[in-house]
**Q** 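First, the structure itself, so that you have it in front of you.
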Amino acid sequence: MPKARRSTADAAHTAEPPPRPRKAAATSPAQQALHKLGLVRDIDLALHLPLRYEDETRITAIASAREGEAVQIEGTVTASQVQLHPRRQLLVTLQDASGSCELRFFSFYPSHHKTMGVGARLRARGEVRGGFWGRQMLHPVVRSADVELPAALTPVYPTVAQLPQAYLRRAIATALARVQLPETLAPGLPPPPMAFHGRNGHQSAWTLRDALLFLHRPAPDVALATLEDHSHPAWQRLKAEELLAQQLSQHAARRERAQLAAPVLRPAAQAPALHEQLLAALPFALTAAQRRVCQEIAGDLALSRPMHRLLQGDVGSGKTVVAALAACICIDAGWQCALMAPTEILAEQHFSKLIGWLRPLLGERGQGVAWLAGGQKKRERASMLEAIADGTAALVVGTHAVIQEQVQFARLGLAVIDEQHRFGVAQRLALRKKLDHLGQEPHMLMMSATPIPRTLAMSYYADLDVSTIDELPPGRTPVVTRLIADSRKDELIERLATQVAAGRQAYWVCPLIEESEALDLSNATATHAELSEALPDMRVGLLHSRMPAAEKRTVMEEFKSGRMHVLVSTTVIEVGVDVPNASLMVIEHAERFGLSQLHQLRGRVGRGAAASACVLLYSTGDSGRLGETARERLKAMQETNDGFEIARRDLDIRGPGEFLGARQSGDALLRFADLAGDTGLLDWAREVAPLMLEQYPELAAQHIERWMGSKSDYLKA
Ligand code: ADP
Ligand code: MG
């Protein structure tokens, strides 16, 4: 569901027509907005819960309304006029027994003027200001005083501009009245651990129906704080439901996958095995952590159900060679392996070593490597496609081009996705379909350098097996990180000049301005010019996302070969490169980058034996100081080089919802529960989910359907 903007478009007089029957096609902007928010079924609407509440159950006497307080007053209109100066406005005087208050509207329709004519009995809700001319309300919400006062608090729902609050309230009320809410928590299962605080000390079990009805229309005497912080038992009940749905769908996906067939990938008996040849050819020995994860992966590949494994390890921990070894096992067993990275540069950089290792070994066996990317020549592409289709290409490397429909694999056994979080769900699904013609699914290995903290991985991704490389190859010198205010940029450039003269190479990453690629570019161009001028004897290159692929490649090659000394680059994306001689990383406007991005960027240096440094150049802007989260991020960078610690701090700073949300590019799944705060409920859901699938499969299915609806497909990818 797209995130609802927190707006509270309220409309008392601009009455929208009531929602039409749901079967009609979405036509009005409001109906379209409902669909966009994923509010399609009655249950979706019932589960769309208020952000906050307004108290319209009480009337405050005008004389006792305090300045700045939001109140509801009721009275008779004693004056009503449109004034033209200094600005066109409607002024209405409302009088009750205690005093009077002026209602002021700058935007209004003629109909407003009419309904608020002299003698009308009205109710107005808004903030009272004690202006020079007496009490005033600016743009209050106005209703007729003829309707009865509501008995419950009025919900304010998250919505978007096209969907007026009043319309949404009516749609939800209609849905609530109509929706079927059978209990899905079977009585035979352990009940959720909720803080029951029923009246008189009784334990009161909340059913889903009770909880929902209460949360949509709470009694005015409720402790509002318990609704706001979601600690109220009705909220707990709902969060338990949600977490259970999430765990159920993960477990169900795992079970479903266990039913699927995948090729058994075991090195053939023939000697020598490809992976042994590769190990012998490597200029280094595997670390203990690499050996361990290789075993975990090999174990999965030897099974006849598809692997679904995340390989995580810090930047530079040596994931590529692990992928190469997995590819060897796959190819040895007579199947094809596909390797995918999100951009052409990344695909090339990440896999060039791997290709270098494997090409000669494959060549001896009459097998080849195919390369697929967007900007490829037609003829080249055609011959690649042919080699993939007839199976002579044992290894297929590329970008998203690999999953396009025209790419037909003869026998895809294993798909490896690098930087997995940058691929969408649809793309992972497409990959899985590449073995449909043999009635099987390929094994999947996803790689990521931004680790998910272990507890989160275990609980949230119940459907994913995780392998972790938790040590770096020996001989790395830790990168020293410095924070420098950008007022000292000139000084930094001078120091850079000395370093470069001494034979070091440097990256200079330019500010990330999300709103505008054009601004990014002009920034990078300016920096490039500035550095070129300051370093007249050195070669300073520029790399940005809008350059043609061939040009990017040339720049990268020059930098890699050492002919270019400084590389100015716009985007993070393009910098996923392996140039061991580069030992200096400058990140301009570091305060604008996310923590994991900063860590990724820093990982580009410290790859060789030379002592490396990372300079975080920050700007405090007009305010003269850094925002709190920016300061925390930069501090974390300075204090630790450990990717897992960085991930943990990132989680602390951002909270799990956002942390996972950002990783999962839009498919953040929990709306109400909070993984860090609701651990008791999460533990319960983890315990109950497998029992429920086992003992009450129909209830489980019903529960998943209720919460996930059309989203459940996504969970399987
Ligand atoms: P990442 O996990 O970030 O993808 P890479 O696979 O690119 O890391 O590895 C980083 C560098 O370390 C590469 O140059 C790689 O060849 C090297 N490397 C990998 N494993 C080892 C090892 N066990 N010993 C020494 N160097 C290694
Ligand atoms: Mg890598």
Side-chain angles (χ1 to χ4, degrees), residues 275 278-297 309-328 338-359 397-399 415-423 445-452 466-479 505 507 556 559-562 572-583 585 596-610 612 614 641-644 646-647:
H275 71 279
L278 172 58
L279 283 173
L282 286 177
F284 51 76
L286 296 188
T287 62
Q290 283 171 319
R291 281 201 303 275
R292 176 172 41 77
V293 300
C294 280
Q295 264 166 18
E296 288 165 0
I297 293 167
R309 189 172 280 277
L310 175 69
L311 171 60
Q312 53 179 19
D314 209 345
V315 194
S317 62
K319 294 184 288 294
T320 317
V321 67
V322 173
L325 288 162
C328 285
L339 297 170
M340 243 173 35
T343 67
E344 203 164 330
I345 291 241
L346 280 183
E348 227 171 82
Q349 295 288 333
H350 282 194
F351 299 130
S352 68
K353 267 200 183 152
L354 182 150
I355 294 172
W357 292 327
L358 289 183
R359 200 192 287 279
V397 183
T399 60
V416 180
I417 304 182
D418 204 1
E419 311 264 338
Q420 64 98 16
H421 56 282
R422 300 199 28 210
F423 285 92
L445 180 63
M446 292 155 273
M447 306 205 282
S448 166
T450 27
I452 313 168
V466 180
S467 287
T468 304
I469 307 184
D470 52 7
E471 83 186 288
L472 290 180
R476 299 270 166 87
T477 31
V479 181
Q505 283 174 283
Y507 295 99
M556 275 322 303
F559 189 61
K560 211 165 173 180
S561 69
V572 191
I573 306 154
E574 314 299 346
V575 194
V577 291
D578 192 15
V579 182
N581 191 48
S583 58
M585 165 70 65
S596 73
Q597 286 175 315
L598 288 173
H599 180 64
Q600 289 267 1
L601 282 172
R602 177 169 62 184
R604 300 300 137 208
V605 295
R607 303 202 144 210
S612 295
C614 172
N641 273 312
D642 177 349
F644 286 87
I646 292 273

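Computed from a predicted model, the values in this text were never measured in an experiment. Order of listing sets the numbers, starting from 1, for every ligand and every atom in it.
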**Q** Please report the closest heavy-atom contact between A347 and T399, naming both atoms and the distance.
**A**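 It is CB-CG2, 4.4 Å.
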**Q** Using a 4.0 Å heavy-atom cut-off, say whether P580 meets ligand 1 through its side chain, its backbone, both or neither.
**A** neither
**Q** At under 4.0 Å between heavy atoms, is it the side chain or the backbone of D314 that contacts ligand 1, or both, or neither?
**A**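 Under 4.0 Å from ligand 1, D314 contributes backbone atoms alone.
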**Q** Are the side chain of Q290 and the backbone N or O of V321 linked by a donor-acceptor pair below 3.5 Å?
**A**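 Pair absent, no side-chain N/O of Q290 close to backbone of V321.
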**Q** Would you mind finding which of V315, V322, T320 brings a heavy atom closest to atom 4 (O) of ligand 1?
**A** T320
**Q** Quick check: does Q290 get an N/O under 3.5 Å from an N/O on ligand 1?
**A** yes
**Q** What do we get for L286 next to ligand 1 when only non-hydrogen atoms under 4.0 Å count, side chain, backbone, both or neither?
**A**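 For L286, only backbone atoms sit under 4.0 Å from ligand 1.
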**Q** Does P473 reach ligand 1 with a nitrogen or oxygen that is under 3.5 Å from one of the ligand's nitrogen or oxygen atoms?
**A** no
**Q** Please check this pair: side chain of N641 against backbone of V479, looking for a donor-acceptor N/O pair closer than 3.5 Å.
**A**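 Answer holds: yes.
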**Q** Would you say ligand 1 has an N or O under 3.5 Å from any N or O of G318?
**A** yes
**Q** Out of E471, K353, M447, whose heavy atom is nearest to atom 16 (O) of ligand 1?
**A**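 Among E471, K353, M447, the closest heavy atom to atom 16 (O) of ligand 1 belongs to K353.
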**Q** Using only atom types and a distance under 3.5 Å, with no angle test, would you say the side chain of Q312 pairs donor to acceptor with the backbone of V466?
**A** no
**Q** Heavy atom of S317 under 4.0 Å from ligand 1?
**A**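 In this structure, S317 qualifies as a contact of ligand 1 - some heavy atom is under 4.0 Å.
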**Q** Give the atoms of ligand 1, by number and element, whose distance to some non-hydrogen atom of A285 is under 4.0 Å.
**A**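 Those of ligand 1 that fall under 4.0 Å from A285 are 22 (C), 23 (N), 24 (N).
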**Q** Do R604 and V579 touch side chain to side chain, with heavy atoms closer than 4.5 Å?
**A** no
